[in-house]
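Scope of the values below: all heavy atoms of this structure, side chains included, with no hydrogens, waters or symmetry mates. All chains are named by letter (A, B, ...) in the order of the sequence lines, taking the proteins before the strands, and each is independently numbered beginning at 1.
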Number of protein chains: 2
Amino acid sequence: MTKSLKKPATMSDVAKEAGVSLKTVSRVFNNEKYVTEDKKARILEAAKTLNFQPAVAARGLAGGRSFMIGLFVDDASGDYVAKMMRGLVNACDATGTHLVVEVIRDLDDVSKVQRAVASVRFDGVILPPPLCDAPALLAFLRENGVPVARIGAGQALEDFASVYIDEELAAYKMTDYLIAKGHKKIGFIIGDPEHACSALRETGYRRAMAAAGLTVEDRFLAQGYFNFPSGRDAAQTLMQGAPDLTAVFASNDEMAAGAVDYLSNAGVRVPDDLSVVGFDDDIAASMMSPTLTTVRQPIEDMARQAHALICNPGDYQKIQHRFSVDIVERQSVRAV
Amino acid sequence: MTKSLKKPATMSDVAKEAGVSLKTVSRVFNNEKYVTEDKKARILEAAKTLNFQPAVAARGLAGGRSFMIGLFVDDASGDYVAKMMRGLVNACDATGTHLVVEVIRDLDDVSKVQRAVASVRFDGVILPPPLCDAPALLAFLRENGVPVARIGAGQALEDFASVYIDEELAAYKMTDYLIAKGHKKIGFIIGDPEHACSALRETGYRRAMAAAGLTVEDRFLAQGYFNFPSGRDAAQTLMQGAPDLTAVFASNDEMAAGAVDYLSNAGVRVPDDLSVVGFDDDIAASMMSPTLTTVRQPIEDMARQAHALICNPGDYQKIQHRFSVDIVERQSVRAV
DNA sequence: AATTTTTATGATAGCGCTGTCATGTTTTTA
DNA sequence: TAAAAACATGACAGCGCTATCATAAAAATT
């Protein structure tokens, strides 16, 4: 009793069944023109009865495309990646492509990328932060002519497709929101320096403060690394050096959650004693207590768009897509 | 200035470079025997200078394997999937295979699975809950001879490889842990009925209660769906019907987080007034306040093992791997 | 020393498709 | 009405590998 693979139907099987040539079947599955409607219908029906589906391996060999989209991440965890993946899988579904996940931990070592690219021959690769800003990686992909779509990159690059938000403006707006609520002494938790957006968000904060005539003292700032523990530590630093703050802007939600955690344990009530806001609208933002006021970027949509940019490479002018963001008001801010 | 794909080297290029036949190069890359060491060395060196990497598409067409492992999930979010993915990507890396993520939302509709399987020809697919217990899906994969590894399945099936934990025993132990802490009236939040483990965990809870001579009244139980809001709702139900509980066992961490959220807002202190425990050791468990005592299963290891089961199909006796769990003690339980 | 077995290598035929070209047939335009 | 253009189809080569077979040398066995 061997567990034998029931061998799938091939295009010639379909061709035979429909009484046409192999090539005509191929035409149908590639949406080429010059196939009459009745033949097309017969072929589609034959394909259905035979449960036929073209084999990507064969298509990849013969044609140019692999039907594989690479998603390169430095870490597969986190809500950001999860949301992106939802958008991507969705888009892949709609286009008959497939999502291949590769983890690239070392941003300077292209050898893994080289291996993956050479063996899979991706139709394109998606690069979220921080990979989208890794020079070595980008250089390699450029040299090898691999179509790239960057998501959430910190710096614009003319020759790569990119979907992004105006990080600086978003941070500016959030800071402004706090100012509008009457806050004057606003702290800021800086993000991971490895992520290009960290500096942009900080700049947005600083600019908003300056525009409102508010001073940013050094003690208003604390360094974090986009994760929970670093948010906790940063909050402690802030509370020690600047107990007079009335609000803290953590540049992502995980750090905000860490900060709130520290504050609760330290007896500082949020938002009564101190307002806290974040960035990203991470799932944690709506699960914490109080729920977190934050900046939402449409990651799923951005991911879908990134996929589209790879699959239909457009004009050089049209490969940069800016998305707009919203401030999601929840419970962590109090007007003063 | 055309962005021309620098065409990757082929096996014949390597063969020429190393002065051997194509087939000998192939042998080296497939770890076949009968290649002398010096030739092997020359070939490997040639491959390195040419940056050669065999194309999976060609290998897939010619040989039997696609070098693609399918990860079928019903939803790509959540910490469970993220952890699994880490283990899988890791294992793929080590074996030269690639992880393809497919989202299957409808557990009864195999059409999407059929399309994916027919077009990619996965070397095997990994099925986490709840897909690992979906009869239609399993039947289809069985018929088509697709190697399967189930992760965290609720019911044993002899003809499918499986990695799992003893859900019932784990829940039993956790309940027993609470009993050992002096709790007698222990509530339970049931998980999503679509997941087979939900019933098992409930049984474990009931058995432990019975074994300790404790009664489980109906009002001790509330239905949840493995997510945050349902945990919140369930806690409310519990507090209304059974305010005399001293502990609540939520059958996963997200629900536990929801429960704690509700409780805090309702003025019930955790763990002072009520102890709460969860299941899974989700990332939320260490980010909430208080941190959550929970059950940890080694998902990453399980995923790696699942991958191994697919890549080296063993004896029929050896395809079931049980993993053991630990109780992670944190801050959400008080002895009474 | 003669035979078998093991080791080492390569030639050749596809795997299941798509690209290119050849060959008609119809429609449009001059 | 003839020439050109658009439409429709199929034959055939070949993408970059692996499987199968053939071949020959070296090692192990009679």
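Atom CZ of B:F67 and atom P of D:dC17 are 11 Å apart (whole Å). Following rounding to the nearest Å, A:K40 (NZ) and D:dT9 (C1') show an atom-to-atom distance of 16 Å. Per the geometry, CZ belonging to A:R59 stands 18 Å off C1' belonging to D:dG14, to the nearest Å.
Checked against the 6.0 Å centroid threshold, B:F72 and B:F122 count as a close aromatic pair. Under the 6.0 Å cut-off for aromatic ring centres, A:H98 and A:F67 do not qualify, their centroids lying 6.0 Å or more apart.
Every residue two or more places apart in sequence or in another chain that forms a side-chain hydrogen bond (donor to acceptor under 3.5 Å, both in side chains) with A:D93 is listed here: B:K112.
Side chains of B:T97 and B:H307: a donor on one and an acceptor on the other come within 3.5 Å.
The outermost nucleotides of DNA chain C lying under 4.0 Å from heavy atoms of chain B, listed 5' to 3', are C:dT7 to C:dG16.
Near-neighbour residues of DNA chain D inside residues 15-38 of chain B, defined by a heavy atom below 4.0 Å, number-ordered: B:L22, B:K23, B:S26, B:N30.
Using a cut-off of 4.0 Å between Lys/Arg side-chain N and Asp/Glu carboxylate O, B:D75 and A:R86 are scored as salt-bridged. Salt bridge status for B:D13 with B:K16: absent, with no side-chain N to carboxylate O gap under 4.0 Å.
A donor-acceptor pair under 3.5 Å links the side-chain atoms of B:D133 to the main chain of B:G154, judged by distance alone.
At D:dA8, none of the side-chain N or O atoms of A:K39 fall inside 4.0 Å of OP1 or OP2 (strictly under the cut-off).
Pairing each heavy atom of A:P128 with each of A:V73, the nearest pair is CG-CG1, 3.9 Å.
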